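Please read through the structure below; I'll follow up with questions.
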Amino acid sequence: MVRSSASGDYSDVVSRREFVSLAGATGAAAVAGCLSGDSDDGDWFVGTQTDFPASNYHWNLLQGWKIPHDRFGLFAQWTQYLIEDDEFHPHLVREWEHDDGEMTLTLSEEFTWGSGDDITADDLAFQLEILEAAQQPIWQFIEDVEATDEYELTVSYPAETNPDLIEYALLAEQAAYSPADWEGENWEDDPAGVEIKDPDPSGPIALTEHNDDYSQTEPRDGLEEYADHHLADHYNWDGYRTENRSKNNNVYESLKRGEAHGQHSLYAPPEILETFPEHIRNFQVPGGFGMAIWFDHEAEPWDQREVRQALYHSIDREAVISTVGESTKVGPHPAPTGLTWATVDDWLGSSEPDGFTVYDHDPDRAEALLEEAGYEMGEIEVELAYPEGWSDWADASQTIVDHLNEAGWDAAGDPRGGGPGSYAGSGPDVFVDQHTEGGAPRMNHPYFSLDYILRNRLRDTEGHFANYPTEIELDGETIDIEAALQELATTSDRSEQEEIVERLARVVNEDVPCIYVMEKYEQSFINGDRFEIPDDSPHFYSYWPMWWLPKVDESLEGYDTPGLMKLDD
């Protein structure tokens, strides 16, 4: 099986962009200049980021939070996952094929690091060695990597492994592990501990300025400290300035006033969207990610299935979604299965498969389930920990607390600082966290979404972060979670896969490892008046349009160089 796509060769096109030095632009003057977007010091795509100031940026992708989204421009995707098409679009990796336990990847010969050194198969093999030391998911499946030619990487895996899993686990990587950045570092023992302050770019833009107010990236075409890049002429503007905003409300105002031209991901409820000018393009990207309520499965009374089911029936999830904005969520998962909204119909035939429990709002059913478990309504205290800084999740959590109290529970909210995962395992018995891993294409394959829920290794590499058991009794059958997932990973027969997926989906549905509250659309924004983009494109449904569209080999009508986003001057 070979998958590839044709692309033009633009390596001989001479760029029209001349280098503009901005080394001295700092402080208030620089900020004032960039706010207008087309000021005297150049034409910039002014982006925003609300998570943390630019002074806190670091560039080791293994460090989790506080990785700036400039990374999607700075680093070359191996391939780009197009979500609605469920396909990997060639980029740095141009072709791939499987043969008897080996996956051979053919690289483009045109990509370079900031130093000008070619990006070779040796470099990607080195990246995979770092990921092995960091116990990343791909090494659950592969056995060895080898550069079998300068631009050919061969990945070996057990012959019985489903090749689809290798692709979903591997092809969405970014070339963000330059040997120059990692040389001399203690990456073998502590890969996440390596500090990278000055990233070596593999993509067409490079970091040229970085202060408390913004980070600045420019196309690699004539820059003093970086070699040219073959895709740099796709940009007919000076680069990006990603400014810090303390709150979402500040981003909304910046977009409305034309002070900012976009943000990679921004929660904007319907009442805010209505106030945006028509030229602010809103891309609803299926996130395969969302909010769930988790339990400590070793703590009473949450170790009882009926109690967890009772809590499910006490929440009106449709009303919760209405509270935070129906247009921002893909659906309430009426019969939760552990599969993403984009894949449940394909694998199970319906979002309400036959025999699966629909957890509608039914307080009477909740009370009956509690009685089965030996409790009376109101006897159990529920203190729901949630991230107060995530506005939609915080609003949803407060609404859920109200629903629980209305149903007769003794419930209260426990707002916490930090994002999901920062307090999981630190004491709360009931807490909000994600039900799938955000921004990860592999979540659209049921193996990975079910693995995340039932065997979760993101939060704890040794065991399930919510103490979910490894064996489950369901309908008179003992289901060994580890064995079932292993069986799913080692069969390529679709009918056999579907049987296993249904069995594990029933565990998620009936045993309730967590409560699915909602799954989101990622909302991504571009000022379409300032920057020209197509009317529609499968490339809109990717992580993330403002960074990815300029890299695409396709062309917009009327422009001399490729790229699907151009400054409209």
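Predicted model, so just to flag it, every value in this text is computed and none were measured. Every heavy atom of this structure was used, including side-chain atoms; hydrogens, water molecules and symmetry mates were not.
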- How are the rings of His264 and His69 set to each other: parallel, tilted or perpendicular (split at 30° and 60°)? parallel

- Salt bridge between Arg317 and Asp360, side-chain N to carboxylate O under 4.0 Å? no

- Within the 6.0 Å centroid threshold, strictly below: Phe448 and Phe141: yes

- Task: Look at Asp511 together with Arg506 and state whether they make a salt bridge at an N to O cut-off of under 4.0 Å.
- Result: no

- Item | Partners passing ring pair (Phe, Tyr, Trp, His ring centres under 6.0 Å) against Tyr359 (at least two apart in sequence or in another chain) | Tyr312, His313

- Query: Ion pair present between Asp414 and Arg416, side-chain N to carboxylate O less than 4.0 angstrom?
  - Reply: yes

- Got a salt bridge between Glu437 and Arg442, using NZ or NE/NH1/NH2 to carboxylate O under 4.0 Å? yes

- Message: Assess the residue pair Ser202 and Phe111 against the criterion (side-chain contact (heavy atoms from CB on, under 4.5 Å)); give the C-alpha distance rounded to whole Å, side-chain angles, the decisive distance to 0.1 Å, and a yes or no.
- Response: CA-CA 7 Å; Ser202 56; Phe111 283 76; 5.8 Å; no

- Message: Under a 4.0 Å threshold between the charged nitrogen and the carboxylate oxygen, would Arg220 count as salt-bridged to Asp200?
- Response: no

- Note on the structure: Sorted by chain and number, sequence neighbours left out, ring pair (Phe, Tyr, Trp, His ring centres under 6.0 Å) with Phe531 holds for Phe45, Trp237, His261

- Taking only residues two or more places apart in sequence, or in another chain, which ones meet Tyr267 in a ring pair (Phe, Tyr, Trp, His ring centres under 6.0 Å)? none

- Query: Would you call Arg245-Glu243 a salt bridge at under 4.0 Å N-O?
  - Reply: yes

- Query: Side chains of Glu218 and Thr208: donor-acceptor distance under 3.5 Å anywhere?
  - Reply: yes

- Classify the side-chain pair Asp86/Tyr168 by whether it contains a donor and acceptor separated by less than 3.5 Å. yes

